[in-house]
Amino acid sequence: MTKKEKRRRAQQEMEEREEEREVLADEITALHEEMAATLANFSDTIEPELLEYYTYYYKASQIKHSYLLKKLKKLYYEIGENRNVM
């Protein structure tokens, strides 16, 4: 593999990571909106079953949010390292 091919392949991998980063950022934004809606619904209900549902749903959303942020941070570090190499 020549230097030019290696450089092209590295550029392609970086573009794929950048695209994945954008998808993750969009997922996090959508999750923020879901969490805000869940809190609004929680505030507007008095039914014990629904209060329990919204509590569990919000907690699950927090766990998902944490997972997505960790994944996004890992991508940022990988993208940064690849840019320093080039």
Legend entry - Closest contact, heavy atoms only, Glu20 versus Leu75: CG-CD1, 3.6 Å
Legend entry - Where at least one partner belongs to residues 11-46, residue pairs that pass ring pair (Phe, Tyr, Trp, His ring centres under 6.0 Å), sequence neighbours excluded: His32-His65
Inset, instruction - Examine distances only and state if a side-chain atom of Thr38 and a backbone atom of Glu34 form a donor-acceptor pair shorter than 3.5 Å. - result: yes
Inset, instruction - Flag yes if Leu50 and Tyr58 sit in one hydrophobic cluster, no otherwise; membership is Ile, Leu, Val, Met, Phe, Trp, Tyr, and two members link when side-chain heavy atoms are under 4.5 Å apart. - result: no
Inset, instruction - Establish whether Leu39 and Ile28 are linked, either directly or via other cluster members, by ILVMFWY side-chain heavy-atom contacts under 4.5 Å. - result: yes
Legend entry - Enclosure of Glu16 CD (heavy-atom neighbours >12, cutoff 6.0 Å): yes
Legend entry - Short side-chain to backbone donor-acceptor contact, Glu52 and Glu49, under 3.5 Å: no
Inset, instruction - For the pair Arg9 and Glu13, find out whether any cationic side-chain nitrogen is under 4.0 Å from an anionic carboxylate oxygen. - result: yes
Legend entry - Qualifying residues under ring pair (Phe, Tyr, Trp, His ring centres under 6.0 Å), relative to Tyr53, sequence neighbours excluded: Tyr57
Legend entry - Inter-residue atom distance Arg17.CZ - Tyr76.OH, 0.5 Å rounding: 14.5 Å
Inset, instruction - Nearest 0.5 Å please: distance from the CG atom of Leu31 over to the CD atom of Glu27. - result: 8.5 Å
Legend entry - Residue of the set Leu72, Leu69, Thr29 for which side-chain contact (heavy atoms from CB on, under 4.5 Å) holds with Leu24: Leu72
Legend entry - Transitive ILVMFWY side-chain link Met35 to Leu51, under 4.5 Å: no
